[in-house]
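Down below is the structure, laid out as structure tokens.
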Amino acid sequence: MGNFFDSQEEAINFIVNLNRNLFLNRKDHIKKYYRARKIHSSVLEIMVNYIDSGKLPIDEYFDRIVFDVRRETKGLEIFLDNQELNDAVIFNELFMYKTHNKFPSLTEIYIQKKKFKSQEKVKMFYAMNDSIVGLFKVIGYDNVNGYVTYQDVFTKKKYKIIDISMSSLGKLNEGRELYIYNRIIVYDGIWFGTGLPCIFNGNNKWLKDFIKHHKYTSSSNFSRCLMLYDIARNGEKINAVNYSDY
């Protein structure tokens, strides 16, 4: 694109915003998607405030699973700093959603307490509780309608979700083998990802080794998330061309 843009990030933002304005923003399913994302963000803010208040017994939960996690991750040591954005996103993933059967997720706690009168928020909590998490291969892009198609590496199930940014950049990613560890929420018929910071190129040797040797059915989502995040942040850095919503 010559010198029109000062950075790759500016060029990518231009492409994404152009696709929004040309094809997406007037479509009904995109309007519903924006609404779902807004509700999800408001629920997340409530949950983050709850965690920050110290009411969630994180240390007690971790004590229950520490030996399981060490066994499943083969002793991997990974420390999360909540002052760092990506670490905070992973921390929230581990405790907000159901990632281990030995402690309740914060989503389950909120549903059990029935604290909210807003039916939209209640519906979102149930959608979050029923969400799907996995390591996916990106197998299709539809920029005109804002869709990206995933295939779960281990279960082979396919999912078509709305991801405006990644779908808009599909042409740039053609010919590249991309994988993503993400959580999918279905709200009011709209499928979207929560945006975990775990995106990989297919030639990542650590990812290849993980896929080859990982024992999917005998590992918790808690451990799997930590292992894949470790690969994502210590391997090849996430490129802006792989940018996805959230």
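This one's a predicted model, so the numbers in the text were calculated from it and none came from an experiment.
T73 places a side-chain N or O within 3.5 Å of a backbone atom of V69 that can act as its donor or acceptor partner. For the pair N204 (side chain) and W206 (backbone), a donor-acceptor distance under 3.5 Å is present. D209 places no side-chain N or O within donor-acceptor distance of the main-chain N or O of K205, the cut-off being under 3.5 Å. Under the 3.5 Å distance criterion, the side-chain polar atoms of N19 are left unmatched by any main-chain donor or acceptor of I15. Distance alone, capped at 3.5 Å, is enough to place a donor-acceptor pair between the K32 side chain and the D188 backbone. The main-chain N or O of I164 is found under 3.5 Å from a side-chain atom of S168 such that the two form a donor-acceptor pair. Counting only distance, with no hydrogens or angles, the side chain of R224 and the backbone of Y216 share a donor-acceptor pair below 3.5 Å. With hydrogens and angles ignored, the 3.5 Å screen pairs no side-chain donor or acceptor of D163 with any backbone N or O of V148. Looking only at distances, no side-chain donor or acceptor of E45 sits under 3.5 Å from a matching main-chain atom of S42. The backbone N or O of D81 lies less than 3.5 Å from a partner atom in the side chain of D87, making a donor-acceptor pair.
Nearest heavy-atom pair across L76 and M227 is CD2-CA, 4.0 Å. For G202 against K208, the heavy-atom pair with the smallest separation is O-CE, 3.1 Å.
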Before you tell me yes or no, could you show the steps for E177 and N201 under side-chain contact (heavy atoms from CB on, under 4.5 Å), namely the whole-Å CA-CA distance, both residues' side-chain angles and the distance that decides it to 0.1 Å? CA-CA 6 Å; E177 195 176 19; N201 281 320; over 6 Å; no
Carefully, step by step, assess D130 and V186 under the rule side-chain contact (heavy atoms from CB on, under 4.5 Å). CA-CA 8 Å; D130 294 335; V186 187; over 6 Å; no
Assess the residue pair Y229 and I78 against the criterion (side-chain contact (heavy atoms from CB on, under 4.5 Å)); give the C-alpha distance rounded to whole Å, side-chain angles, the decisive distance to 0.1 Å, and a yes or no. CA-CA 9 Å; Y229 182 52; I78 180 168; 3.8 Å; yes
Using side-chain hydrogen bond (donor to acceptor under 3.5 Å, both in side chains), reason through Y110 and N129 one step at a time and then give a plain yes or no. CA-CA 10 Å; Y110 270 106; N129 198 49; over 6 Å; no
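Counting only N and O atoms by type, the side chains of N145 and K27 include a donor and acceptor under 3.5 Å apart. Checking S220 against E72 by side-chain atom types alone, a donor-acceptor pair falls below 3.5 Å. No side-chain donor-acceptor contact under 3.5 Å links N86 and R233. Counted by atom type alone, D152 and Y159 present zero donor-acceptor pairs between their side chains at under 3.5 Å.
Between H40 and the options F192, Y187, Y34, a ring pair (Phe, Tyr, Trp, His ring centres under 6.0 Å) holds for only F192. P197 pairs with exactly one of L85, I180, N182, V89 by the side-chain contact (heavy atoms from CB on, under 4.5 Å) rule, that one being V89.
Between D245 and R37, some side-chain heavy-atom pair lies under the 4.5 Å cut-off. Two residues are said to be in side-chain contact when any heavy atoms from C-beta on lie closer than 4.5 Å; Y179 and V153 meet this criterion. Looking only at side-chain heavy atoms (C-beta outward), F222 and I65 come within less than 4.5 Å of each other. The closest side-chain heavy-atom distance from L24 to N143 is not below 4.5 Å. Within the 4.5 Å cutoff, the side chain of F125 has heavy atoms near those of the M47 side chain. The shortest distance between side-chain heavy atoms of L207 and L228 falls below 4.5 Å. With contacts defined as side-chain heavy-atom distances shorter than 4.5 Å, the pair L178/F200 does not qualify. Using a 4.5 Å heavy-atom threshold, the side chains of I184 and Y150 count as touching.
Applying the 6.0 Å contact sphere to NZ of K157 captures no more than 12 heavy atoms from other residues, nucleotides or ligands. The local environment of CZ in R70 is sparse, with at most 12 non-hydrogen atoms from other residues, nucleotides or ligands closer than 6.0 Å.
Salt bridge annotation for E120-K123: absent, with no cationic side-chain nitrogen under 4.0 angstrom from a carboxylate oxygen. A salt bridge links D68 to R71: one of the charged nitrogens lies within less than 4.0 Å of a carboxylate oxygen. Between K160 and D142 no salt bridge is recorded (no basic side-chain N to carboxylate O distance below 4.0 Å).
Interatomic distance, NZ of K102 versus CZ of F67, reported as 10.0 Å (0.5 Å rounding). Here the CE-CD1 distance, from M124 to I46, works out to 11.5 Å after rounding to the nearest 0.5 Å.
Taking the six-membered ring for Trp and the full ring otherwise, H100 and Y61 have centroids separated by 6.0 Å or more. Aromatic rings of Y147 and Y141 (six-membered ring for Trp) have centroids beyond the 6.0 Å cut-off, not under it.
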